[in-house]
Structure formats: structure tokens, C-alpha cells
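Quick notes on the structure that follows.
Counting begins at 1 with the first residue of the sequence. Computation of the quantities below employed the complete heavy-atom set of this structure, encompassing side-chain atoms and omitting hydrogens, waters and symmetry-equivalent molecules.
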Amino acid sequence: MKIMVIGGGGREHAVIKKLKCNPKAEVIYALPGNGGIAKDATCVPIGAKDIPAIVEFAKEKQIDFAVVTPDDPLVLGCVDALEAAGVTCFGPNKAAAIIEGSKVFSKNLMKKYGIPTAAYEVFDDLEKALEYLETAPIPTVLKADGLALGKGVIIATTREEAGAAIRSMMEDKIFGESGSKVVIEEFLEGPEVSVLAFTDGKCVVPMVSSMDHKRALDGDKGLNTGGMGTIAPNPFYTEEVAKECIERIFLPTVAAMNTEGRSFKGCLYFGLMITKDGPKVIEYNCRFGDPEAQVVLPLLESDLLEIMEATAKGTLGDLEVKFSEKAACCVVVASDGYPGKYETGFAITVEEGMTADVIYAGAKEKDGVIVTDGGRVLCVVATGEDLPEAVEKAYGNVPKVHFENAYYRKDIGQKALSVLQKRGGC
Ligand code: AMP
Ligand code: GLY
């Protein structure tokens with residue numbers, strides 16, 4: 001079987017490593033992949049947003065199955081274009097990907113179908129937004145409607161900050177056209193949980209829960225990033241919370257999308273906050289999280305390719321999807337300076353005898369050497385019998401990867417470990 005994976009980050013590397021476990025996967029192409037992915041797949045220099053070139057390549061190579069994982073191509077309709085060319089795909093079509101592509105859409109969906117989320121207002125007029133902010137509860141959360149490289153959210157802790165932020169979005173267009181419409185929403189408090197779920201539009205299979213660490217610096221300080229590390233499972237996602245999420249959020253969301261004529265097939269990501277009033281949706285993504293995929297997929301015991309094929313065919317209900325009871329930890333090793341300015345082009349070396357996996361994100365091959373090529377360079381991923389073991393193993397291996405300018409958070413998993421300790425769970 002000839003498979004094509006669209007994208008070139010850590011998430012795609014994690015997906016490819018798992019797809020490779022099935023002997024049916026004779027050839028895997030990564031478009032564009034990266035220098036580290038090249039160890040596991042054939043990288044093709046076609047950008048993830050270049051849909052005509054992706055379709056052309058699929059036809060030329062007679063691709064049997066395409067896995068589309070990044071937000072941009074999904075929202076742009078990559079799956080629709082490939083399916084029109086006769087290629088079976090894992091991933092939602094454009095009509096369904098809007099659940100991530102437009103925050104206004106997703107907030108209105110939740111309101112219409114009674115799915116718990118933060119209270120909100122939508123504005124496409126700066127003056128009206130400024131007027132609203134004069135009396136809005138502070139802190140307040142401002143979200144650009146469209147995709148903004150995961151950075152379209154500003155939490156303003158003073159009225160002045162809120163005014164400046166709304167101007168930067170709607171007037172200065174710091175997030176481009178994504179900020180033409182803005183959601184202003186209630187500030188929620190509580191631990192965050194990410195749950196990825198396979199769905200074929202009929203049945204929903206939640207994966208093991210995880211926790212991202214979005215801020216750049218230890219102690220959740222510094223700027224928001226794409227994610228500096230993850231752990232799974234997330235101890236805040238108790239059985240009771242899971243039950244509530246399935247009944248009040250996951251099933252109603254999939255049903256709502258069907259009712260809207262936007263049936264979702266693929267991986268639906270629920271970004272949740274466990275508030276004192278119960279779990280609420282912070283965001284939906286139409287794809288695997290990055291770096292959530294890096295901890296969730298290593299715990300998947302069932303075959304990923306079979307699950308993806310069943311999701312595409314609408315036969316997910318016939319499969320048993322199993323996750324291990326173990327735990328996983330992913331530490332992102334980034335270029336110092338990220339998410340601001342940073343230098344790249346430094347050689348990456350990995351010592352022999354690693355007891356953790358190396359997943360490449362921002363890396364490329366240059367003159368036969370793998371060099372840094374992005375903010376988030378690579379992930380060190382370890383599994384263990386429990387979370388303390390996974391965290392210890394991941395951090396035990398981080399010093400075995402080397403490149404100039406390397407930076408990583410030292411506290412991935414600490415919040416989760418302290419909850420477990422308080423509960424006497426480990
Ligand atoms: P997003 O880009 O939607 O993932 O949002 C980035 C981060 O902003 C989330 O992970 C939360 O930590 C925070 N956030 C988003 N919405 C809210 C909210 N309504 N209340 C509090 N924090 C929020
Ligand atoms: N880790 C958050 C995301 O993938 O959007």
C-alpha cells in the first residue's frame with residue numbers, strides 16, 4: 001500500500017512511526033517531511049498547503065491512502081481535492097474542518113447545541129468591540145476568528161491591555177485577515193486537558209488524555225508557544241470527568257456536526273478546561289495535537305493504519321481500539337529564543353544508547369548532516385510503567401541530544417506529578 005502523509009513536523013513524524021508498524025505500509029511519502037522524518041519515510045519537497053501539487057503527486061504515484069494532519073491544508077480543502085481525485089483520506093473535509101478554521105463557527109455551534117463553553121460575544125466592528133470592552137469582565141480573552149499559527153489568542157488582564165489587544169487584532173491586523181472578526185470570551189479557570197478522538201461521524205473513540213505545556217518557560221511563564229512538552233494520561237481527566245465529557249461534549253459535538261451537514265471524519269481534538277462548573281470546551285482542532293500526538297500515539301496498542309482506514313470508510317464501530325495503561329512524556333527541545341527570534345543551521349547529534357525516542361520537528365538535512373531548521377527542533381519521548389517513570393526517562397535522555405542553542409523546559413509533567421502525589425497515586 002502506498003501512503004502519503006501531508007506535513008513535516010513532530011506530529012507527522014509520530015504518525016509515520018506508528019503507520020510503519022503495519023507491514024501493509026510498503027511505501028510512505030511525507031510531503032514535505034523533514035530531515036529527521038527522512039529516516040522513516042520518503043520526503044518529497046511539496047509544501048503542505050500546495051494542494052494542486054499534492055493532488056498531482058498522489059495521481060502520479062497512485063497513492064492508496066492519504067493522511068492529512070496539519071490545520072492549514074485541512075481548512076483549505078486538501079481532503080476534498082484528494083477525494084475528488086479518487087484518493088481515500090484520513091482527515092475531515094473543508095466543511096467539517098471549519099470547526100477549527102473559524103472560532104465564530106465553533107462558538108456558535110456550541111451555543112446552538114448546548115455544549116459547555118465560555119460565554120462570548122462576536123465583533124467585526126472595532127468601535128463596538130472597544131465599547132463592549134469598557135464594561136466586560138477582566139481578565140478577558142480575545143480570539144481571532146481564523147487560523148493564526150496557534151497564536152490567535154490574547155488574555156488581557158487589564159482594560160488597557162484589552163483595548164490595545166483588540167486594536168492590534170482588528171486595526172493593525174497582527175494575525176492578518178484572521179483578526180477581521182474577533183471572539184471576546186469569558187476567562188475560565190481550571191486545569192487544561194487535551195482529548196483527541198477518532199470519529200467517522202458515527203462513532204467516537206476518545207484516545208488517552210494528555211496535557212500540553214504551552215508557555216515557553218518553566219512554571220507556565222513566558223510567551224505562548226506551539227507546545228513545549230506533553231504528558232499522557234492527564235491525571236485531571238478522571239473517570240468522572242471523562243464520563244461527563246463523553247455525554248455532554250464529545251457525542252453532542254459529533255451529532256451537531258452531522259445535523260449541520262458537516263459530518264466530521266478524522267481526529268477531532270477537544271481542548272478542555274475542567275472548571276468548578278464542570279468541563280468546558282476551550283477550543284476544537286480538526287487534527288491531532290502537536291505535541292499531543294507524540295505522547296498519545298506511543299500508547300496506542302491497536303494498529304493506527306487500520307483505525308485510520310476504518311475512520312475513512314465509516315467502519316470505526318467494527319474495531320476495538322486499545323490503549324496501554326502505561327504513561328508517556330514528551331520534552332520538546334527548541335532553539336533558544338523560540339517563539340521569538342532564534343538561529344538555525346546547527347548540527348544535531350544523538351548519542352548511542354538512547355532509551356527514549358527522538359521525534360524530529362524543525363530539522364533538515366544539509367550535506368549529509370541533520371541540522372536545526374525551526375523553533376521546535378525535536379522531541380524526546382519516553383514511555384514508562386507510570387508517569388514518574390516516563391518523566392524521569394524522558395529527562396534522562398534529553399542530555400543525550402545535542403545542538404548549539406538548545407533550550408527545553410525542565411518542568412514538563414511536574415503539575416501532573418504533584419496532583420498524583422497529593423492523591424497518593426504514586
Ligand atoms: P488556543 O490557542 O485556543 O489553544 O488558546 C491558547 C490558550 O489560551 C489555551 O490553552 C488556554 O490556556 C488559554 N485560553 C483560551 N481560552 C481561554 C479562556 N476562555 N479562559 C482562560 N484561558 C483561555
Ligand atoms: N498543542 C496544541 C495544538 O496542537 O493546537
Side-chain angles (χ1 to χ4, degrees), residues 99-100 103 106-107 109-111 113-120 137 139-141 143 150 153 155 157 183 185-197 199 204-215 219-221 224 227-254 256 267-285 288-293 295-296 299 323 325 327-330 386-388 390-391 411-426:
I99 198 163
E100 174 168 4
K103 297 247 194 261
S106 66
K107 294 297 292 189
L109 184 86
M110 288 187 268
K111 188 190 260 179
Y113 293 92
I115 297 164
T117 189
Y120 71 103
T140 192
V141 183
K143 297 187 171 181
V153 176
I155 298 176
T157 49
V183 172
E185 73 176 28
E186 174 196 10
F187 176 76
L188 297 177
E189 283 177 280
E192 287 183 57
V193 177
S194 307
V195 179
L196 318 179
T199 175
V204 184
V205 180
M207 299 178 224
V208 63
S209 61
S210 54
M211 184 194 289
D212 194 2
H213 298 68
K214 287 199 166 127
R215 302 295 199 94
D220 292 332
K221 304 249 162 44
N224 238 340
M228 293 300 292
T230 34
I231 55 102
N234 184 327
F236 291 103
Y237 193 69
T238 58
E239 267 179 45
E240 193 191 344
V241 171
K243 192 167 174 286
E244 206 176 339
C245 287
I246 292 167
E247 285 168 8
R248 297 187 60 212
I249 297 176
F250 304 166
L251 295 172
T253 300
V254 170
C267 173
L268 185 51
Y269 170 125
F270 298 89
L272 306 164
M273 196 171 267
I274 316 302
T275 72
K276 61 177 182 4
D277 303 320
K280 295 193 178 180
V281 177
I282 288 283
E283 63 164 345
Y284 291 116
N285 290 328
F288 288 97
D290 187 344
E292 282 90 342
V295 284
V296 169
L299 299 177
F323 281 87
E325 297 287 317
C329 174
C330 158
D386 54 20
L387 196 59
V391 172
D411 66 344
I412 302 301
Q414 286 310 316
K415 206 189 280 176
L417 288 178
S418 54
V419 173
L420 288 175
Q421 256 160 13
K422 267 190 215 145
R423 281 188 204 148
C426 62

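- Checking side-chain atoms of Lys107 against main-chain N and O of Ala118 turns up a donor-acceptor pair under 3.5 Å.
- Remark: the backbone N or O of Pro279 is not paired with any side-chain donor or acceptor of Arg248 at under 3.5 angstrom.
- Contact detail for Tyr269 and Ser194: the closest heavy-atom pair is OH-OG, 3.3 Å.
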Evaluate the side-chain hydrogen bond (donor to acceptor under 3.5 Å, both in side chains) criterion for residues Thr230 and Glu292: first the C-alpha distance (whole Å), next the side-chain angles of each, then the deciding distance (0.1 Å), finally the verdict.
CA-CA 6 Å; Thr230 34; Glu292 282 90 342; over 6 Å; no
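- With salt bridges taken as basic N to acidic carboxylate O contacts below 4.0 Å, one links Lys415 and Asp220.
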Just do the side-chain contact (heavy atoms from CB on, under 4.5 Å) check on Phe236 and Met273 with the steps written out, would you?
CA-CA 10 Å; Phe236 291 103; Met273 196 171 267; over 6 Å; no
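- Contact between Val195 and Pro206 at its shortest, heavy atoms only, is CG1-CB, 4.1 Å.
- Under the 3.5 Å distance criterion, the side-chain polar atoms of His213 are left unmatched by any main-chain donor or acceptor of Gly227.
- In this structure a side-chain-to-backbone donor-acceptor pair under 3.5 Å is missing from Ser210 to Ile231.
- Closest of all the heavy-atom pairs between Cys329 and Ile412 is SG-CG2, 4.1 Å.
- Here the closest heavy-atom approach between residue Glu185 and residue Thr140 is recorded as O-OG1, 3.6 Å.
- In this structure, Lys111 is positioned above the aromatic face of Tyr120, its NZ or CZ under 6.0 Å from the six-membered ring centre and within 45° of the axis.
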Could you walk me through whether Tyr284 and Ile115 pass the side-chain contact (heavy atoms from CB on, under 4.5 Å) check?
CA-CA 12 Å; Tyr284 291 116; Ile115 297 164; 3.7 Å; yes
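- Contact between Phe323 and Val208 at its shortest, heavy atoms only, is CD2-CG1, 3.8 Å.
- Under the rule for a side-chain contact (heavy atoms from CB on, under 4.5 Å), the partners of Ala197 that lie at least two apart in sequence or sit in another chain are Val204, Phe270.
- In terms of heavy atoms, Asp212 sits closest to Pro291 at OD1-CD, 3.7 Å.
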Would you sort out whether Lys143 and Ile282 count as a side-chain contact (heavy atoms from CB on, under 4.5 Å), showing the intermediate values?
CA-CA 11 Å; Lys143 297 187 171 181; Ile282 288 283; 4.1 Å; yes
Assess the residue pair Leu268 and Leu196 against the criterion (side-chain contact (heavy atoms from CB on, under 4.5 Å)); give the C-alpha distance rounded to whole Å, side-chain angles, the decisive distance to 0.1 Å, and a yes or no.
CA-CA 6 Å; Leu268 185 51; Leu196 318 179; over 6 Å; no
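- Taking 4.0 Å as the cut-off between side-chain N and carboxylate O, Lys243 and Glu239 do not count as a salt-bridged pair.
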